[in-house]
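Worksheet: one structure, shown below.
Heavy atoms only: backbone and side chains are in, while hydrogens, waters and symmetry mates are out.
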Amino acid sequence: MSEQPGLADDMLKIEGLEAALPSMTQWRVAAGRSVDWAALEAVLGTALPSDFRSLAEAYPVLVIDDFLSVSVPRPGTEESWASQSREDEILQDLYEMGDTEDYVPYPQSGGLISWGDSNSGDVLYWKTSPADPDAWPVVVRTDNAEWFEFPVGAVEFLAGVYGRTIDVPGMPRNLPRSNPQVLGLSDRID
């Protein structure tokens, strides 16, 4: 039996990210992480892009070069992850102050859902429009309050940034460094 075309595409995207960040492969969970997507999506109110789901099944939360964190749900904490993504207080405050350009917080139509951030205040979002999550673009709010939109998914965005094919204005000039190191955070829940 062959893989579904979407899954094969997602795995190619993850392989592209692994090529850009070879040190991440040590954190791959061979047996998968068994995220309860039904529970997460029930609380969040939407499905998430399949490339991100594939990444979250293969890897724990990743911290790249002590700078960028990729927030994937931990098994057993899906509802909490969804609640935090749905109730982004900082984004809501920025929206209420008129500091989001034309972007709106989720669950508004086309609203933003965060999936990553940097230690300098940059935030990575999906813009939940169009209706198909696999077509959601990545939106970056830099620490300088600048907003940039990229017509790619999360995994392709990360592979592009760390493979040096996507430049994010406003991010540190030395990003990415040569040979970026990746730390995988434990799925253990205490």
Side-chain angles (χ1 to χ4, degrees), residues 10-11 13-30 32-33 35 40 48-49 51-78 80-85 87-91 93-94 99-100 103 112-127 136-150 152-190:
D10 293 340
M11 293 315 295
K13 290 174 185 173
I14 290 174
E15 288 171 7
L17 179 57
E18 291 170 340
L21 292 169
S23 66
M24 77 182 274
T25 59
Q26 67 185 311
W27 305 107
R28 183 183 267 275
V29 179
R33 295 178 59 243
V35 174
L40 183 146
L48 293 176
D51 68 327
F52 181 78
R53 289 169 57 133
S54 293
L55 180 67
E57 285 296 330
Y59 285 98
V61 171
L62 298 172
V63 179
I64 305 167
D65 255 358
D66 288 326
F67 176 71
L68 189 70
S69 296
V70 179
S71 173
V72 296
R74 290 183 168 121
T77 67
E78 295 88 350
S80 173
W81 189 94
S83 292
Q84 289 174 353
S85 295
E87 299 163 16
D88 186 331
E89 292 179 20
I90 293 172
L91 180 60
D93 289 347
L94 290 171
D99 289 341
T100 58
Y103 297 108
L112 301 179
I113 297 174
S114 68
W115 58 269
D117 60 12
S118 78
N119 64 12
S120 66
D122 308 289
V123 182
L124 309 175
Y125 300 97
W126 289 291
K127 180 180 175 186
W136 291 351
V138 168
V139 174
V140 178
R141 179 183 52 83
T142 69
D143 67 331
N144 298 321
E146 297 173 291
W147 296 83
F148 299 98
E149 189 168 321
F150 300 87
V152 295
V155 173
E156 193 173 348
F157 174 80
L158 292 169
V161 168
Y162 287 96
R164 300 176 189 252
T165 60
I166 293 178
D167 178 50
V168 182
M171 293 240 266
R173 294 194 192 283
N174 65 345
L175 179 74
R177 297 189 315 190
S178 348
N179 194 28
Q181 296 302 301
V182 179
L183 175 65
L185 302 184
S186 171
D187 279 339
R188 186 174 157 184
I189 302 169
D190 293 326

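- Annotation for Asp66: atom CG does not count as buried by contact number, only 12 or fewer foreign heavy atoms lying within 6.0 Å.
- Within the 4.5 Å cutoff, the side chain of Glu78 has heavy atoms near those of the Val35 side chain.
- Proximity of Arg74 to Pro60: side-chain heavy atoms (C-beta onward) are nowhere separated by under 4.5 Å.
- Using a 4.5 Å heavy-atom threshold, the side chains of Pro137 and Trp126 count as separate.
- Note that OG of Ser85 and CH2 of Trp115 are 12.0 Å apart. Values are rounded to the nearest 0.5 Å.
- The CZ atom of Arg28 lies 4.5 Å from the CD atom of Glu18; values are rounded to the nearest 0.5 Å.
- Side chain of Ser114 to main chain of Gly116: no donor-acceptor pair is present (N/O by atom type, distance under 3.5 Å, no hydrogens or angles).
- Evaluated for a side-chain contact (heavy atoms from CB on, under 4.5 Å) with Arg141, the options Leu124, Leu91, Ile90, Leu112 yield exactly one hit, Ile90.
- When the ring pair (Phe, Tyr, Trp, His ring centres under 6.0 Å) test is applied to Phe157, the partners found at least two apart in sequence or on another chain are Phe150.
- Checking side-chain atoms of Thr142 against main-chain N and O of Asn144 turns up a donor-acceptor pair under 3.5 Å.
- A distance-only check finds a donor-acceptor pair linking the side chain of Asp122 to the backbone of Asp143 [under 3.5 Å].
- Nearest heavy-atom pair across Pro73 and Phe52 is CD-CE2, 4.0 Å.
- Note: Tyr59 OH to Ser54 OG = 12.0 Å, rounded to the nearest 0.5 Å.
- Scanning all heavy atoms of the two residues, the minimum distance from Pro180 to Leu21 falls at CG-CD2, 3.4 Å.
- Without hydrogens or angle criteria, Asn119 side chain to Leu68 main chain gives no donor-acceptor distance under 3.5 Å.
- For the pair Arg33/Val72, a side-chain contact is recorded, criterion being any heavy-atom separation below 4.5 Å from C-beta on.
- The ring pair (Phe, Tyr, Trp, His ring centres under 6.0 Å) check on Tyr103 picks up Trp147, with sequence neighbours excluded.
- Here CZ of Phe148 is found 13.5 Å from CD1 of Ile166. Values are rounded to the nearest 0.5 Å.
- At least one side-chain heavy atom of Met24 sits less than 4.5 Å from a side-chain heavy atom of Leu62.
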Worksheet item: Do Val168 and Val161 pass the side-chain contact (heavy atoms from CB on, under 4.5 Å) test, and can you show the C-alpha distance, the side-chain angles, and the key distance before you say yes or no?
Response: CA-CA 8 Å; Val168 182; Val161 168; 3.9 Å; yes
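- For the pair Trp27 (side chain) and Val182 (backbone), a donor-acceptor distance under 3.5 Å is present.
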Worksheet item: Checking side-chain contact (heavy atoms from CB on, under 4.5 Å) for the pair Met171/Phe67: CA distance, chi angles, key distance, verdict?
Response: CA-CA 11 Å; Met171 293 240 266; Phe67 176 71; 4.0 Å; yes
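- In terms of modelled atom types and a separation under 3.5 Å, the side chain of Glu156 and the main chain of Ala154 share no donor-acceptor contact.
- Closest heavy-atom contact between Pro22 and Ala19: CD-O, 3.6 Å.
- With hydrogens and angles ignored, the 3.5 Å screen pairs a side-chain donor or acceptor of Gln26 with a backbone N or O of Ser23.
- With rounding to the nearest 0.5 angstrom, the CG atom of Leu94 is 12.0 Å from the CD atom of Glu89.
- For the atom pair Leu55 CG and Leu48 CG, the distance stands at 12.0 Å (nearest 0.5 Å).
- For the pair Ile64/Leu183, no side-chain contact is recorded, criterion being any heavy-atom separation below 4.5 Å from C-beta on.
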